[in-house]
Amino acid sequence: MRLFLAIEIPQKIKEKLEKQLFFLKKQYPQFSWVDKDNFHITIYFFGERDDVDKIKNKIKDLLWNQFVFYLYSFNLDIFVNHRLVLYLNFYREKKIEELAALIKNNFDSYNKSNQKFIPHLTLARGPRSSKQQYFALKKKLNQKKINISFKVDKIVLFESILTGNKPIYKKIASFSLI
């Protein structure tokens, strides 16, 4: 199973976000936009694993004393790799950073990278463009204000089922925060 641990976005927030992205989606139809039902914030990607019960038990043990927190959107931005990845950034929140570090330190026994956790919600992927097009998009994103906030009171373990077009995310387990 291809597994990841994530914050599930509440349904009302998904709908609000979808409305706020409407005009941007119309301006960039060449992007592959994430379906609102798949909106989430990944905390940790496990990859292909067959020890699901062991993972669930370990997560349950690690999260037993983790507290509820709130996330507030900050701005839209872009990661650039072989494609453009448009995402929604969030203000720093110490609790999510500590939670992500706790999970990483307990599951990342093979790859102890120092890559910093950046809570973000991927919205779309698009083709790499010229510098001029990139900076035009960046300017447009800086002008667009996305305003969402929500309480995080659970963390969800998902299975990612890859299909031809879009992945399907299936809930495996939920872990309540206190």
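One is the number of the first residue; the rest follow in order along the sequence.
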Should [X] and [Y] be regarded as members of a common hydrophobic cluster, given that ILVMFWY residues are connected when their side-chain heavy atoms come within less than 4.5 Å of each other, either directly or indirectly?
| X | Y | value |
| --- | --- | --- |
| Phe107 | Ile7 | yes |
| Ile148 | Leu71 | yes |
| Leu3 | Ile155 | yes |
| Phe45 | Leu157 | no |
| Phe31 | Leu17 | yes |

Check: Between Phe175 and Lys154, is a side-chain contact (heavy atoms from CB on, under 4.5 Å) present by the stated rule, with each step listed?
Finding: CA-CA 5 Å; Phe175 307 93; Lys154 69 179 176 179; over 6 Å; no
Margin query: Salt bridge or not between Asp61 and Lys58? Use side-chain N to carboxylate O under 4.0 Å.
Written below: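 Salt bridge absent between Asp61 and Lys58.
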Measuring from atom [atom1] of [X] to atom [atom2] of [Y], what distance do you get when rounded to the nearest 0.5 angstrom?
| X | Y | atom1 | atom2 | result |
| --- | --- | --- | --- | --- |
| Phe67 | Ile178 | CZ | CD1 | 4.0 Å |
| Leu123 | Asn38 | CG | CG | 12.5 Å |
| Ile168 | Glu159 | CD1 | CD | 10.0 Å |
| Asn75 | Asp77 | CG | CG | 5.5 Å |
| Ile41 | Leu5 | CD1 | CG | 12.0 Å |
| Ile55 | Asn106 | CD1 | CG | 12.5 Å |

Using side-chain heavy atoms (C-beta onward) and a distance below 4.5 Å, is [X] in contact with [Y]?
| X | Y | result |
| --- | --- | --- |
| Leu62 | Leu99 | no |
| Tyr70 | Glu93 | no |
| Lys95 | Gln66 | no |
| Asn89 | Ile118 | yes |
| Phe90 | Ile96 | no |
| Phe39 | Ile13 | no |
| Phe150 | Lys12 | no |
| Phe4 | Ser160 | yes |

What closest approach, in Å, do [X] and [Y] show between heavy atoms, and which atom pair accounts for it?
| X | Y | result |
| --- | --- | --- |
| Leu24 | Leu86 | CD2-CD1, 4.5 Å |
| Leu141 | Ile78 | CD1-CG1, 3.4 Å |
| Ile103 | Tyr44 | CG2-CB, 3.6 Å |
| His40 | Leu121 | O-CG, 3.7 Å |
| Thr42 | Phe117 | O-CE1, 3.3 Å |
| Ile9 | Lys14 | O-CE, 3.0 Å |

With no hydrogens and no angle check, is any side-chain donor or acceptor of [X] less than 3.5 Å from a backbone partner on [Y]?
| X | Y | result |
| --- | --- | --- |
| Glu97 | Arg92 | no |
| Lys144 | Gln20 | yes |
| Lys166 | Trp33 | yes |
| Arg128 | Asn81 | yes |

Margin query: Could you walk me through whether Val156 and Tyr169 satisfy the side-chain contact (heavy atoms from CB on, under 4.5 Å) test, starting with their C-alpha distance in whole Å, then the side-chain angles of each, then the deciding distance to 0.1 Å, before giving a yes or no?
Written below: CA-CA 11 Å; Val156 179; Tyr169 299 143; over 6 Å; no
Checklist line | Neighbour count above 12 (heavy atom, 6.0 Å) for Gln143 CD | finding: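 Yes, because the 6.0 Å sphere around CD of Gln143 holds more than 12 heavy atoms from other groups.
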Next item on the list: Step through the shown structure and confirm whether more than 12 heavy atoms of other residues, nucleotides or ligands are within 6.0 Å of NZ on Lys170.
Entry: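 It does not: Lys170 NZ has 12 such atoms or fewer within range.
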Note to self: Assess the residue pair Lys94 and Phe69 against the criterion (side-chain contact (heavy atoms from CB on, under 4.5 Å)); give the C-alpha distance rounded to whole Å, side-chain angles, the decisive distance to 0.1 Å, and a yes or no.
What the structure shows: CA-CA 9 Å; Lys94 188 175 181 178; Phe69 56 91; over 6 Å; no
Next item on the list: Could you walk me through whether Gln11 and Asp37 pass side-chain contact (heavy atoms from CB on, under 4.5 Å), step by step?
Entry: CA-CA 8 Å; Gln11 190 60 38; Asp37 293 330; 4.1 Å; yes
Next item on the list: For this output row, return yes or no: ring centroids of Phe74 and Tyr91 closer than 6.0 angstrom.
Entry: yes
